[in-house]
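Shown next, in C-alpha cells, is the structure this report addresses.
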Amino acid sequence: MEKTVYIFGHKNPDTDSVVSATAYARLKQLQGFENYKAARAGHFNPQTDYIFKKFNVQSPKYISNLTPKVEYYMEDECQVVDENKSVWAAIGEMDSAHLRALPVVDKDGKYKSLLHYSAFAQKLLDILNPENKVSISTSIGLIIRTMNAQPLIVHNQEEIFKSTILVGAASDDTFSRMLDEHKSENIIVITSDREKIYEACIERSVKLLIITSGYMLNKELKEKAQQNGVSVIMSPYTTSDTVMMIAYSTPVSLMADPEIQPVHPEDTISKIRQVLLDSPIRRLPVVDAENKVIGIISEHDLTNEPNIQLILVDHNELSQAVEGIEHYKIQEVIDHHRIGPLSTTYPITFINKPIGSTSTIITTLYQEAKIPIPKEIASILLCGILSDTLILQSTTTTDIDRQTAEYLSNITDLDIQTLGKEILTAGSRIKGRTATEVIHQDMKEYRENKSVYTVSQIEVGNLKEILDRKKEFLSELEIERRSNKAVFAALLVTDITQLSSILMMSTDPKFQPFITFPKLENDIYFLKDVVSRKKQLIPLITEQVENYER
C-alpha cells in the first residue's frame with residue numbers, strides 16, 4: 001500500500017513554515033505523487049490566516065500530534081459482505097481472497113458483525129449437533145443459491161424463516177407421524193426417490209420440499225403442491241450432502257460474531273491494543289463516524305512500519321516538530337535554521353541553506369524541476385519570503401531571497417512593498433488577543449545540553465501596546481517556563497518600523513546573572529537592530545546558556 005507522506009512545518013507554525021509545507025506538497029503532486037500532503041501541527045496565526053484566505057489556498061490538514069493511531073497502521077483495502085448473503089457465499093469470498101475475517105455490513109454499508117472461522121465453526125457445530133433439534137434460519141432463495149438447486153415451485157423466495165429440518169429416510173408411516181409432531185412449525189423436508197413422502201409433505205403443506213439426487217416430481221403432485229403453497233426445489237446433491245449444505249445457506253449475519261466491536265481510525269494504538277489482543281482472531285474492523293467499514297487492523301499490522309512518512313520543512317530540531325514524530329520515518333528535511341541534534345538510521349535528503357526563508361528554497365526546487373508555479377502558490381511563497389525577512393530588511397536576507405522575491409512578484413503581479421506591509425500589518429494585531437495566544441503564535445523550543453528554553457516572536461508596528469500589557473505577558477511567560485521546566489521562556493517583540501526589538505524574559509533566578517542584554521526594565525531587555533530570532537538572537541542566547549552550564 002502506498003504510504004501517505006505528510007509535509008510538516010514546526011509546531012506553532014509561522015507563515016513561512018505553513019507556506020513551505022503547502023507549496024512543497026503541491027510540487028510533489030504536480031510531479032505525479034498524489035500521496036504527498038501538506039499538514040500543520042498548530043493553528044494559523046492571524047497573518048497566515050489572512051494570506052491563505054486572500055489567495056484562496058486550502059489550509060493544510062490539521063494534525064495536532066502523531067501519537068500512533070489506528071489509521072496509521074490499518075489496512076484500508078477491506079472486503080465486506082452483505083448481511084443477507086449466505087454463509088456459503090461469504091466463506092467462498094474469504095477463501096478466494098485468503099482472508100481470515102470478513103466484516104458483515106447492512107445495505108447501507110454499516111458494520112454489523114465479523115465473520116471468522118472460529119465463530120462460524122462453533123455455530124455450525126451447534127446446528128449439526130445430533131443432541132440438538134436441527135433447525136436453521138434461512139430463505140428458499142438462499143438455499144437455491146447455495147446448492148445451485150433447480151426451483152420447481154417457489155413461494156416467498158427471499159423471506160427469512162426459522163425452520164425444522166427433517167430427512168425423509170424413515171418408513172412412510174413413521175415419517176408421517178414425524179410430520180404430524182412438527183405440524184405447527186416451518187418444516188423443510190429433504191428426501192430422495194420417495195413418492196409417498198412427497199405426498200405426505202404436500203398434504204401437510206410443509207414449507208419446502210427438497211428432492212435430492214436429481215429425482216423428479218410428477219405433474220399431479222406438482223399441481224397439488226402449487227395449490228397447497230408448498231415450495232419444491234431439486235438439489236443436484238445426495239441427501240447427506242444436501243443436509244450439510246443447507247446449513248451453509250444461513251444468512252451470514254447469523255453465523256458471524258456480533259461481540260467483536262469496531263474501532264475508529266483516530267483511536268490510539270495504546271487504547272485499542274488490549275481489545276485487539278482479546279479478539280479471538282487478533283483482528284478488528286475499523287469504521288468511520290457513520291459506522292461504515294473503512295478498513296481492518298490486525299495484531300500483525302502493529303509490527304509493520306506505519307503507513308505514513310514525513311518531510312520536515314522550516315525546522316530540523318525534534319523539539320520543534322509535531323509530537324510523536326519519533327515513531328515515523330523522515331524522508332526529507334528542508335530548512336534554513338541551525339542544524340540541531342537530528343539523527344536517522346538511514347540516509348535522507350537534507351537541504352539546509354543560510355538564507356532568509358524556506359519559501360525561497362521551495363521556489364528554487366520548482367525551478368530546478370522545471371515545473372511552473374501555480375499563481376496562487378507563487379503568491380503565498382512570496383508572502384512566506386516577505387514575512388520571514390521583514391520585507392527583505394532582516395539581516396538574514398540574502399541576494400537569493402531578493403532575486404526569488406522579484407521572480408515571484410513578476411509571476412503574480414504583486415508589488416513587494418505593498419504586499420509586505422499588508423501582511424506584516426495583518427500579523428501585528430495584538431488587540432483582542434490574549435497573552436497566551438500571542439506567545440504561542442510562533443514559539444520554538446530549544447535544547448542546549450541539559451537546558452531547555454523557549455523563544456517566541458511577534459512583529460508589531462508599535463511596542464506600546466505590548467509594554468502596556470507587560471505584566472500579563474511576563475505572567476504567561478512564567479507559566480510557560482514552569483510547565484516546560486525551562487531555564488527561561490522569552491518573547492521577542494520586533495518593531496517593524498524601527499527594526500529593533502525588546503525581549504521579555506521569565507527566568508530561573510540562577511540564570512539571570514548570565515544575561516548580558518541591555519536592560520530596559522525588570523525582565524525586559526532592549527535589543528537594538530535585532531530582528532532575527534535564528535540569526536541574531538539564538539546565537540547570543542546559546543552563548544549565555546553555555547556559560548550558565550559551565
Tell me the closest heavy-atom pair linking [X] and [Y], and the distance in Å.
| X | Y | result |
| --- | --- | --- |
| Ser298 | Arg283 | CB-CG, 3.6 Å |
| Gln79 | Pro103 | O-CD, 3.3 Å |
| Gly356 | Lys534 | O-NZ, 3.7 Å |
| Thr15 | Gly384 | CG2-CA, 4.1 Å |
| Val438 | Ile458 | CG1-CD1, 3.6 Å |
| Tyr111 | Ile260 | OH-O, 2.7 Å |

Apply side chain to side chain donor-acceptor pair (under 3.5 Å) to Asn352 and His336, showing your working.
-> CA-CA 5 Å; Asn352 189 284; His336 68 133; over 6 Å; no
Tell me if a side-chain donor or acceptor on [X] pairs with a main-chain N or O of [Y] at a distance below 3.5 Å.
| X | Y | answer |
| --- | --- | --- |
| Thr397 | Ser394 | yes |
| Asn12 | Met443 | yes |
| Tyr366 | Leu27 | yes |
| Ser409 | Ala405 | no |
| Glu332 | Ile351 | no |
| Thr404 | Ile400 | yes |
| Asn35 | Lys3 | yes |
| Gln47 | Ile423 | yes |
| Lys519 | Thr516 | no |
| Gln536 | Thr395 | no |

Derivation and outcome, side chain to side chain donor-acceptor pair (under 3.5 Å), residues Thr398 and Asp401 = CA-CA 5 Å; Thr398 66; Asp401 295 299; 2.8 Å; yes
With sequence neighbours excluded, what pairs up with Tyr446 under the side-chain hydrogen bond (donor to acceptor under 3.5 Å, both in side chains) test?
-> none
Out of curiosity, [X] [atom1] to [Y] [atom2], how far, rounded to the nearest 0.5 Å?
| X | Y | atom1 | atom2 | result |
| --- | --- | --- | --- | --- |
| Arg40 | Ser64 | CZ | OG | 10.5 Å |
| Lys69 | Ile63 | NZ | CD1 | 8.0 Å |
| Arg26 | Ile371 | CZ | CD1 | 12.0 Å |
| Glu406 | Ile385 | CD | CD1 | 10.5 Å |
| Asn449 | Tyr548 | CG | OH | 12.0 Å |
| Ile538 | His337 | CD1 | NE2 | 9.0 Å |

Do [X] and [Y] touch side chain to side chain, with heavy atoms closer than 4.5 Å?
| X | Y | answer |
| --- | --- | --- |
| Val80 | Val104 | no |
| Leu477 | Phe488 | no |
| Asp16 | Ser387 | no |
| Glu476 | Leu491 | no |
| Thr358 | Asp335 | yes |
| Asn291 | Asp108 | no |
| Ser500 | Lys528 | yes |
| Leu381 | Ile373 | yes |

Should we say atom [atom1] of [X] is surrounded by more than 12 heavy atoms from elsewhere, each under 6.0 Å from it?
| X | atom1 | result |
| --- | --- | --- |
| Lys112 | NZ | no |
| Gln58 | CD | no |
| Glu543 | CD | no |

Under 6.0 Å between ring centres, would you say that holds for Tyr328 and Tyr72?
-> yes
salt_bridge(Glu290, Lys292) N-O dist < 4.0 Å = yes
Looking at Arg447, Arg338, Lys444, which hits salt bridge (Lys or Arg N to Asp or Glu O under 4.0 Å) with Glu317?
-> Arg338
Residues forming a ring pair (Phe, Tyr, Trp, His ring centres under 6.0 Å) with Tyr525, sequence neighbours excluded = none
Taking it one step at a time, do Tyr36 and Gln331 satisfy side chain to side chain donor-acceptor pair (under 3.5 Å)?
-> CA-CA 11 Å; Tyr36 284 71; Gln331 276 193 7; 3.0 Å; yes
Between Gln403 and Asp399, does a side chain to side chain donor-acceptor pair (under 3.5 Å) hold up when you go through it step by step?
-> CA-CA 6 Å; Gln403 292 164 9; Asp399 287 341; 5.3 Å; no
